[in-house]
Amino acid sequence: ESRWMAFVIRADINNMKAVTPEPIEIVDDVIEFWYVIHKNTMIGPYMEFGVTFSATVDTGDGQIYRAGYYPYMYLSNDTPIFAGREPFGFPKKAAYVAAFEHGTNNNYFNMLLERRGYILHTANGRYSDKPLSVKPKFYGNTEYGRINYRMTRRSDITTTIHEVTYLPSEIS
């Protein structure tokens with residue numbers, strides 16, 4: 001019982017690169033902003049907001065990983081934050097996420113992301129099934145999995161470990 005809502009826009013690729021660590025390379029200038037209302041999960045109900053770019057990682061030995069890269073993910077509940085952050089490296093953080101559907105057949109929406117007193121994103125409108133004018137390269141492309149970047153600092157704070165996690169597409 002999850003409801004996924006996505007907004008796709010073109011952006012300045014230099015701004016996208018500014019928030020993307022090496023060795024991740026941005027593929028195109030399309031950004032997907034998304035909200036998810038999870039009503040019934042094993043870890044309880046929660047809401048989620050995220051940002052995804054199409055990206056690649058070249059391992060230097062001829063292997064190139066293609067994926068949606070998640071620089072930002074905000075969730076409304078601690079349990080799913082840790083469930084995705086620790087094993088998979090998703091950059092999940094706590095925030096107030098609100099997603100409301102209303103109108104006949106719930107065809108209107110109001111979305112809000114707030115963190116530490118700042119509104120980071122908001123969207124209001126009506127759902128549409130019209131074809132998108134632009135799509136990220138990872139949309140519908142089974143060659144693209146998911147890429148996450150994680151920095152882990154040792155407890156003595158002498159060393160920081162930088163890790164890129166790749167999860168292949170589950171659709172073949």
Side-chain angles (χ1 to χ4, degrees), residues 2-38 41-59 63-99 109 111-116 118-123 132 134-153 160-172:
S2 294
R3 177 92 156 132
W4 183 284
M5 296 141 278
F7 308 89
V8 180
I9 64 165
R10 286 198 180 276
D12 182 329
I13 200 159
N14 291 320
N15 290 335
M16 295 166 70
K17 288 179 180 179
V19 298
T20 305
E22 292 182 9
I24 299 170
E25 296 288 331
I26 300 301
V27 172
D28 61 27
D29 66 347
V30 181
I31 297 176
E32 175 193 44
F33 295 92
W34 46 268
Y35 285 85
V36 183
I37 302 170
H38 296 287
T41 71
M42 293 186 309
I43 50 180
Y46 65 97
M47 293 190 199
E48 189 167 8
F49 169 88
V51 176
T52 313
F53 306 160
S54 296
T56 61
V57 172
D58 186 339
T59 63
Q63 178 70 44
I64 296 177
Y65 293 99
R66 293 171 178 78
Y69 165 59
Y70 299 82
Y72 303 102
M73 294 177 86
Y74 297 97
L75 284 78
S76 63
N77 190 326
D78 288 343
T79 304
I81 290 172
F82 295 113
R85 184 190 298 168
E86 298 310 316
F88 303 115
F90 284 107
K92 296 184 175 194
K93 293 183 167 77
Y96 175 75
V97 183
F109 61 83
M111 315 291 183
L112 173 73
L113 169 67
E114 179 268 328
R115 180 167 161 86
R116 297 182 176 164
Y118 293 95
I119 295 175
L120 302 180
H121 188 266
T122 184
L132 296 173
V134 63
K135 295 180 186 176
K137 294 229 190 270
F138 64 84
Y139 263 33
N141 189 338
T142 58
E143 290 181 5
Y144 278 70
R146 294 176 285 172
I147 291 175
N148 303 301
Y149 181 82
R150 171 174 42 192
M151 295 186 307
T152 307
R153 187 167 298 140
T160 300
I161 301 165
H162 299 260
E163 299 173 291
V164 175
T165 304
Y166 175 75
L167 302 169
S169 173
E170 296 176 3
I171 302 170
S172 54

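Source: prediction; values computed, not measured. Residue numbers start at 1 and run along the sequence shown.
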Task: Note, Ile161 side chain near Glu163 side chain (heavy atom, < 4.5 Å) - done: yes
- [ ] Decide if the gap between the ring center of Phe33 and the ring center of Phe7 is smaller than 6.0 angstrom.
- [x] no
TODO: State, with a plain yes or no, whether a side-chain heavy atom of Thr52 is found less than 4.5 Å away from one of Ile31.
DONE: no
TODO: Looking only at non-hydrogen atoms, find the nearest pair between Val27 and Tyr144 and report the distance.
DONE: CG1-OH, 3.9 Å
Task: Heavy-atom check, side chain of Val51 versus side chain of Tyr70, under 4.5 Å - done: no
Open item on the list: Is the shortest side-chain heavy-atom distance between Tyr72 and Pro91 below 4.5 Å?
Closed with: no
- [ ] Work out which heavy atom in Thr122 is nearest to a heavy atom in Met111; give both atom names and the distance.
- [x] OG1-O, 3.0 Å
Task: side chain to side chain contact (heavy atoms under 4.5 Å, CB included) evaluation trace for Thr56 with Tyr65 - done: CA-CA 5 Å; Thr56 61; Tyr65 293 99; over 6 Å; no
Open item on the list: Here's one to test your reading of the geometry: is the NZ or CZ of Lys92 within 45 degrees of the ring axis of Phe90 and under 6.0 Å from its centre?
Closed with: yes
Task: Glu170 and Arg146 ion-paired at < 4.0 Å - done: yes
Task: Heavy-atom closest contact (Pro136 atom, Val8 atom, distance) - done: CD-CG1, 3.9 Å
TODO: Answer yes or no: does atom CD of Gln63 have more than 12 heavy-atom neighbours from other residues, nucleotides or ligands under 6.0 Å?
DONE: yes
Task: Heavy-atom closest pair, residues Leu120 and Arg115 - done: CD1-CB, 3.9 Å
TODO: Could you tell me whether the side chain of Pro45 reaches within less than 4.5 Å of the side chain of His38, counting heavy atoms only?
DONE: no
Task: Heavy-atom pair with the smallest gap, counting every atom of Ser54 and Lys137 - done: OG-N, 3.0 Å
Open item on the list: Side chains of His121 and Tyr74 only: does a donor on one sit below 3.5 Å from an acceptor on the other?
Closed with: no
Task: Trp34 and Glu48, any side-chain heavy atoms less than 4.5 Å apart - done: yes
Open item on the list: With heavy-atom distances below 4.5 Å as the criterion, would you say the side chains of Val36 and Arg3 are in contact?
Closed with: no
- [ ] State, yes or no, whether a side-chain contact exists between Ile24 and Ile147 at a heavy-atom distance under 4.5 Å.
- [x] yes
Open item on the list: With side chain to side chain contact (heavy atoms under 4.5 Å, CB included) as the criterion, how do Met5 and Ile37 come out once you've worked through the C-alpha distance, each side chain's angles and the decisive distance to 0.1 Å?
Closed with: CA-CA 9 Å; Met5 296 141 278; Ile37 302 170; 3.8 Å; yes
